[in-house]
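So the structure is just underneath, and the comments pick up after that.
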Amino acid sequence: MEASYESESEPEAWPGTQRPGTGTVSAAVREHLRKLCLREFPCGAGSWVTLVDKDLLKFLKLEELVLSANRIKEVDATNLPPTLKVLELYGNEISSMECLCARPPAGLQHLGLGHNKLLGPLESLYVTADHWPNLVSLDLGFNDLTDLQSMVASLRTLRHLRLLVLQGNPLALVPYYRGLTIDSLAQLCVLDDITVSPNEKHFFRGLSLSGDLLAQEAQFVVTIGNLRGVLDTSVLDPEPGPEGPFIAYSYYVTYDFVRDEEGEADEDTGELAEIVKPSPSLELLVEESPEEVGEDVIKDIVGGVTEEVEGSLESEAEESGESELSVISGPSTILQTPRASAEELAKLRLCIDPRLCPSPGTVLFSTTHKPWAEVIPCSYEMQHSLRDLVPLKAFLLAGTTVTIVEEKILSWPVVLPAVDSPLSAKRGKGEKDKKGKEKDRKGQGEKELAKQEWKVPKKKKEPPKELRQDPPILQVLGRGLVILEPLLAGEPLVSTVCNFGTVRTLTSDRLTLARDSKKIKKVAKKEKPKAVNPIYESDYHPEPLTVEVQIQLNQCRSAAEALRMFAV
């Protein structure tokens with residue numbers, strides 16, 4: 001064969017492979033070639049075939065042609081020997097099968113086009129019996145094919161088709177993919193290297209009759225479990241004075257996921273919305289339970305910092321869509337706050353950590369804010385329904401980024417403005433009351449008087465009920481990538497424990513232990529408190545910062561389930 005290369009040297013042989021002289025190659029060889037086609041011959045290490053010319057017709061008895069892992073964009077079918085039975089073009093740059101359908105070899109039994117760039121609904125027009133009447137095995141895996149219904153309708157004309165590979169395409173992500181393909185192609189024996197069982201044929205019987213009524217959308221369920229090994233930062237803060245600040249900490253987990261441009265934006269509960277609202281008061285923040293908040297509470301992420309700010313925080317909330325984003329913990333009312341200068345407000349603003357920004361084309365989602373604990377149960381579950389399947393495939397190849405965030409909120413007492421007239425009226429009344437109290441105190445005993453005086457400082461220590469809050473201060477405790485490519489390759493579930501290393505320290509754990517021991521003594525006054533073992537440096541082995549993440553691709557188990565969930 002004479003071919004056009006990008007260099008004059010001959011391409012290296014495929015290591016560990018043996019090509020049979022005639023007939024169809026075995027499934028093991030095809031699988032081996034598929035795995036090697038994207039790894040062998042890195043750029044600069046070998047020669048690349050870019051064009052197959054008519055000199056190939058000189059091979060009058062050629063039955064197998066393997067040109068995998070090259071840079072072929074088109075193949076002129078008129079240059080292929082009519083005696084071909086096997087044609088493998090894995091890992092090239094072919095964007096359409098149209099070039100192969102001009103005059104394809106009539107006796108071709110296996111066609112391998114995996115890991116190319118096939119894209120568009122028209123590709124189903126080129127996989128019919130009019131072009132490949134004797135095709136037994138077809139591999140179109142890991143392309144960008146999206147229209148499952150049109151594809152199986154064309155494949156139904158291939159009466160001799162027994163082996164089919166479509167996994168790695170966006171169309172294989174819909175929950176009824178395997179069931180519709182099996183029921184549409186009754187003669188199929190192996191789909192995506194998995195044998196078609198009689199039970200599958202039974203459970204999905206009749207699904208192809210309603211295939212056009214099924215919505216083309218993929219569904220994923222993201223579950224985030226327990227969060228462990230978080231540093232208890234609150235023990236490092238000093239005790240607040242009567243004027244504050246009163247500090248509250250909460251912890252949550254974010255992840256990015258592709259957003260469906262064709263879907264309803266209002267259905268994205270749990271998405272970090274682009275709005276600005278003041279957070280609730282400190283009492284609401286502490287007393288609000290996870291059950292009351294819910295798992296799909298909308299939270300906000302800070303998106304920028306403006307240099308000049310005029311007006312109150314309430315006016316900022318109305319103009320937030322163009323200025324900045326802040327993190328909130330749930331529905332909140334706008335708190336009345338005194339007006340402040342632009343310079344003072346600028347100091348309170350939060351500079352967003354770039355690690356909290358979602359990747360391009362994705363949206364950030366977040367769990368509910370939870371207080372610190374040895375084990376923080378996130379208890380988060382979110383279903384993502386996506387119709388735009390091509391960006392979804394790109395997202396799965398890239399993976400999702402999981403981030404653990406600590407939110408710190410400082411609250412201050414609200415200083416009420418002084419009013420002259422009410423105060424003067426109360427002052428006169430207070431003088432009369434003072435004289436009356438002095439007369440009453442003469443008749444009281446010393447014990448009762450001491451009791452009244454002792455109650456006064458206790459009331460002063462209570463935090464004020466009305467507080468104003470600074471914008472939240474966010475700190476990234478851990479961040480890592482979760483690989484999602486197995487979902488594209490046919491695995492229904494990705495389950496992992498993200499480990500971000502140790503962030504706790506011996507000092508903080510000792511302070512936390514001392515604080516918890518005091519709480520135990522206060523609770524169990526009548527009972528003898530249990531002895532708390534001290535933490536020694538030689539025995540100190542802190543638990544690493546980890547979070548449990550699970551992402552599942554929904555798959556229908558029967559025709560009835562598919563019709564119930566996706567019939568439109």
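Side chains are part of it too, since the values below use all heavy atoms of this structure and drop only hydrogens, waters and symmetry mates.
Residues Asp144 and Lys393 are paired through a salt bridge, judged by an N-O separation under 4.0 Å between the basic side chain and the carboxylate. At a threshold of 4.0 Å, the pair Arg504-Glu374 counts as salt-bridged, since one of the basic side-chain nitrogens sits closer than that to a carboxylate oxygen.
Contact of the Leu389 side chain with the Val174 side chain is registered, since non-hydrogen atoms from C-beta on lie closer than 4.5 Å. Looking at Val482 and Cys498, their side chains come closer than 4.5 Å, going by heavy atoms from C-beta outward. Contact annotation: the side chain of Asn226 never approaches that of Val547 to less than 4.5 Å [non-hydrogen atoms, C-beta and beyond]. Side-chain contact between Val494 and Ile483 is absent, with no heavy-atom pair separated by less than 4.5 Å. Counting heavy atoms from C-beta on, the side chains of Trp412 and Asp470 come closer than 4.5 Å. Side-chain atoms of Thr367 and Tyr251, non-hydrogen and from C-beta on, never get closer than 4.5 Å to each other. A heavy-atom distance below 4.5 Å is not found between the side chains of Leu145 and Leu119. Side-chain contact between Val405 and Val253: absent, with no pair of heavy atoms (C-beta onward) separated by less than 4.5 Å.
The main-chain N or O of Thr401 is found under 3.5 Å from a side-chain atom of Asp256 such that the two form a donor-acceptor pair. Checked by atom type and distance alone, the side chain of Trp372 pairs as donor or acceptor with a backbone atom of Val230 at under 3.5 Å. With hydrogens and angles disregarded, no donor-acceptor distance shorter than 3.5 Å links the side chain of Arg178 to the backbone of Arg557. Side-chain atoms of Lys370 come within 3.5 Å of backbone N or O of Pro377 as a donor-acceptor pair.
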Please walk me through it: do Leu545 and Ile404 pass side-chain contact (heavy atoms from CB on, under 4.5 Å)?
CA-CA 9 Å; Leu545 180 64; Ile404 301 176; 3.7 Å; yes
Between Val165 and Phe142, is a side-chain contact (heavy atoms from CB on, under 4.5 Å) present by the stated rule, with each step listed?
CA-CA 9 Å; Val165 176; Phe142 292 91; over 6 Å; no
For Leu173 and Leu488, run side-chain contact (heavy atoms from CB on, under 4.5 Å): C-alpha distance rounded to whole Å, both residues' side-chain angles, the deciding distance at 0.1 Å, then the answer.
CA-CA 7 Å; Leu173 296 173; Leu488 189 63; 4.2 Å; yes
Just do the side-chain contact (heavy atoms from CB on, under 4.5 Å) check on Leu474 and Glu406 with the steps written out, would you?
CA-CA 6 Å; Leu474 304 184; Glu406 175 191 81; over 6 Å; no
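For the pair Tyr255 and Val402, the tightest heavy-atom approach, listed with the atom from each and the gap, is CB-CG2, 4.3 Å. The shortest non-hydrogen separation linking Val258 to Leu386 is O-CD2, 3.4 Å. The two atoms that bring Ala218 and Leu392 nearest to each other are CB-CD2, 3.7 Å, heavy atoms only. Shortest non-hydrogen contact noted between Gln469 and Ser411 is CG-OG, 3.3 Å. The minimum heavy-atom distance between Gly480 and Phe500, with the atom names listed, is N-CE2, 3.3 Å. Considering every non-hydrogen atom in both Ser366 and Thr254, the closest pair reads CB-CG2, 4.1 Å.
For Asp192, the side-chain hydrogen bond (donor to acceptor under 3.5 Å, both in side chains) partners are Tyr177, not counting sequence neighbours. Applying the side-chain contact (heavy atoms from CB on, under 4.5 Å) rule to Val221 yields the partners Thr223, Glu381, Gln383, Asn554; only residues at least two apart in sequence or on another chain are considered. For the side-chain contact (heavy atoms from CB on, under 4.5 Å) test, residues two or more places apart in sequence or in another chain that qualify with Gln216 are Asp147, Gln149, Tyr176. Partners of Gln555 according to the side-chain contact (heavy atoms from CB on, under 4.5 Å) rule, which considers only residues two or more places apart in sequence or in another chain, are Pro492, Leu553. With sequence neighbours excluded, the residues forming a side-chain contact (heavy atoms from CB on, under 4.5 Å) with Glu543 are Arg228, listed by chain and number.
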Name each donor-acceptor pair under 3.5 Å that joins a side chain in residues 234-248 to protein atoms two or more places apart or in another chain, with its distance.
from	atom 1	to	atom 2	distance (Å)
Ser234	OG	Asp232	OD1	2.7
Ser234	OG	Arg515	NH1	3.3
Asp237	OD1	Tyr249	OH	3.4
Asp237	OD2	Tyr249	OH	2.3

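For the atom pair OH of Tyr252 and CD of Glu407, the computed distance is 5.5 Å after rounding to the nearest 0.5 Å. Taken from SG in Cys556 to CG in Leu214, the straight-line distance is 8.5 Å, to the nearest 0.5 Å. Interatomic distance, OG1 of Thr181 versus CD of Glu200, reported as 10.5 Å (0.5 Å rounding). To the nearest 0.5 Å, atom CG of residue Leu481 and atom OG1 of residue Thr496 are 10.5 Å apart. Atom CZ of Phe395 and atom OG1 of Thr362 lie 6.5 Å apart (nearest 0.5 Å). Taken to the nearest 0.5 Å, the CD1 atom of Ile376 stands 4.5 Å off from the CG atom of Leu227.
There is a side-chain donor-acceptor pair under 3.5 Å between Glu217 and Gln219. If you check the side chains of Thr546 and Asn499, you find no donor sitting under 3.5 Å from an acceptor.
Under the 30°/60° scheme for interplanar angles, the aromatic rings of His384 and Phe365 are found to stand perpendicular.
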